[in-house]
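Structure first, then comments.
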Protein chains: 2
Amino acid sequence: MPAQQRADARRNHALILAVAEAEVAAHGADTSLEQVARAAGVGSATVRRHFPSRRALLDAVFQERAEALCARARALADTPDSRAALLTWLSDVTAYAASARGMATTLTYDEAHVSLCSTKLSDAADPLLRRAARDGAIAPDLTIADLLTLVTGIALATEHHRDPAAEADRLLALTVAGISPPASGRAG
Amino acid sequence: MPAQQRADARRNHALILAVAEAEVAAHGADTSLEQVARAAGVGSATVRRHFPSRRALLDAVFQERAEALCARARALADTPDSRAALLTWLSDVTAYAASARGMATTLTYDEAHVSLCSTKLSDAADPLLRRAARDGAIAPDLTIADLLTLVTGIALATEHHRDPAAEADRLLALTVAGISPPASGRAG
DNA sequence: TTGCCAAGTGGCGGGGTCCTCCGTATCGTA
DNA sequence: TACGATACGGAGGACCCCGCCACTTGGCAA
C-alpha cells in the first residue's frame with residue numbers, strides 16, 4: 001500500500017489549491033466549487049474529495065497568508081515597545097482580513113470547526129500579548145481570541161464598504177482607544 | 001386605477017412578511033425565498049415581486065425590531081446619565097443583533113443599498129450620541145455609524161459562537177473600554 | 001349590476017450549485 | 001506484468017434563483 005497518498009492525488013491537491021487561490025483573488029471568496037473544478041480541469045468530485053467544504057478550501061487558501069502573519073508576529077516579538085508591537089500586528093491582521101475577501105469569514109468559524117488558520121495565528125501572537133500584559137501596557141484580561149474576534153468582526157462589517165481597508169483600520173483604532181474621551185492623553 | 005395597491009396584494013404582503021418572520025426565527029436568515037413561498041402557500045414569483053431580494057425581505061422582517069430599538073433610544077433620551085444611556089442602548093442593539101440571526105447581516109449592507117433599518121436606527125440614536133458628546137462623556141469624534149458598524153461586526157463575528165449573546169456583550173464591553181489597562185479607573 | 005382591464009398571481013423552464021454514487025482509469029506494489 | 005487499492009470524473013437528483021407568460025382577480029366606470 002502507498003505510504004501516504006498517491007502521486008496524482010498530491011498533484012491534484014496542489015493544482016486545486018493554486019487554482020482556488022487565483023479564483024478567490026479574482027472573483028471573491030464566494031466562488032463556487034464547480035467553478036474551481038472547471039478552472040482546474042478536474043471533476044467537481046475531486047475538488048470536494050480534497051476539500052470537503054468550501055470553508056476547508058478557503059482555510060487552505062488563506063493558510064499561507066496566515067503563515068505570513070505568524071512570521072510577522074514572531075518578528076515583532078523583539079520590538080522594544082510591547083504595546084506598539086501588539087497594535088502593529090493587529091493592524092496587519094486587519095489589513096489582511098480587510099483586503100482578502102473571505103479571510104474574515106474563514107476566521108469567523110473557528111469556534112465550530114477548529115480552523116488551522118485561526119489556531120496558528122493565536123499561537124503565534126500569544127507571546128506578543130503576554131509580553132504586553134507583563135509590561136502592563138494592556139488590560140490584563142485580554143485574550144488573543146478576543147482580539148482576533150474583534151478584528152474579524154471589523155473586517156466583516158466593513159467588507160462592503162467603499163474602502164474596506166481604510167475603514168477597518170479606523171475602526172480598529174477606535175476599538176483600541178475605547179469610546180471614552182481622551183482624558184489621560186493615551187492614544188492608539 | 002387603484003389608489004395604491006390592490007387589496008389582495010396588500011394581504012399577500014402582510015402574509016409573506018409574517019411567514020418570513022416565523023421562518024427566519026425558526027431556520028435562520030439564510031432561508032430560501034422558495035421556502036418562504038411554500039410556507040405561505042403562494043408562488044415564489046409572488047414573494048419575489050413583493051421583496052425583490054432576500055435582503056429586502058430581511059430588511060422588512062427586522063424593521064419592527066428596529067422600530068423597537070428606536071423607541072428604546074427615544075426613551076433613553078431622558079435618562080440622567082447620558083453616557084450610560086448610550087451604552088445601554090448599544091447593549092440592547094447588540095443583544096438584538098446577536099439573538100436575531102441575520103439582523104447583523106442586514107445592517108451590514110447599509111452602505112451599498114441604503115437600508116431602512118439602519119438609517120432609522122441611526123436617526124433615532126443620534127440624539128443619544130450628541131447628548132453624550134455634549135456632556136463630554138464620550139470621545140467627541142464618534143459617530144453613530146461607527147458604533148453601529150462595530151456592533152454589527154461583533155454580532156457577525158460571534159454569530160457562530162456557543163452563546164452569541166453573552167460573547168457579544170463581553171466584546172462590546174471590551175470595545176467600549178478599549179484595550180488599555182484601567183489606569184484611571186473608568187469602566188464600561 | 002355588469003363589464004372591462006390593469007394589477008396581481010402562480011407555474012414552468014433554463015441555468016446554476018451542491019452533493020452523492022458508482023463505473024473506470026491509474027498508481028504502486030508484488 | 002498483473003493485481004488491488006486508490007483516486008478520478010461524470011451522471012443524476014435535489015435545491016435554488018430568476019425571468020417569462022398565460023391566467024385570474026379586484027376595483028373602477030358605465
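These figures come from a predicted structure and were not determined experimentally. Chain identifiers are assigned alphabetically (A, B, ...) following the order of the sequence lines, protein sequences preceding nucleic acid strands; residue numbering begins at 1 within each chain.
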Identify the pairs formed between an N or O of the protein and an N or O of nucleotides 18-20 of chain D at a distance under 3.5 Å, and give each distance.
from, atom 1, to, atom 2, distance (Å)
D/dC18, OP2, B/R48, NH1, 3.0
D/dC18, OP2, B/R48, NH2, 3.1

With a 4.0 Å cut-off, would you call [X] and [Y] a salt bridge?
X: A/R83; Y: A/D81; answer: no
X: A/D126; Y: A/R130; answer: yes
X: A/E67; Y: A/R74; answer: yes

Task: Closest to the B/R6 side chain, choosing from C/dT9, D/dG9, D/dG27 - done: D/dG27
TODO: Could you check which of D/dC17, C/dG10, D/dG27 has an atom nearest any side-chain atom of B/V42?
DONE: C/dG10
Could you tell me the separation between the [atom1] atom of [X] and the [atom2] atom of [N], rounded to a whole number of Å?
X: A/D8; N: D/dC8; atom1: CG; atom2: P; result: 5 Å
X: B/I16; N: C/dG8; atom1: CD1; atom2: C1'; result: 11 Å
X: A/Q5; N: C/dT26; atom1: CD; atom2: C1'; result: 15 Å
X: B/D30; N: C/dC18; atom1: CG; atom2: P; result: 15 Å

Open item on the list: Less than 3.5 Å apart, any donor N or O on the side chain of B/D169 or B/T94 sitting next to an acceptor on the other?
Closed with: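 No, no side-chain donor-acceptor pair sits under 3.5 Å.
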Think [X] has a side-chain N or O under 4.0 angstrom from the OP1 or OP2 of [N]?
X: A/H50; N: D/dC8; result: yes
X: B/R38; N: D/dC16; result: yes
X: B/N12; N: C/dT9; result: yes

Open item on the list: Count I, L, V, M, F, W, Y as connected when their side-chain heavy atoms are under 4.5 Å apart, and connections chain through other members. Are B/V151 and A/I154 then in the same cluster?
Closed with: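 Yes; tracing contacts between hydrophobic side chains, which count when under 4.5 Å, links both residues.
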TODO: Assign B/H13 to base, sugar-phosphate, or nothing according to its heavy-atom contacts below 4.0 angstrom with the strands shown.
DONE: nothing
- [ ] Evaluate the ring planes of B/H13 and B/H50, with Trp represented by its six-membered ring, and classify them as parallel (under 30°), tilted (30 to 60°) or perpendicular (over 60°).
- [x] perpendicular
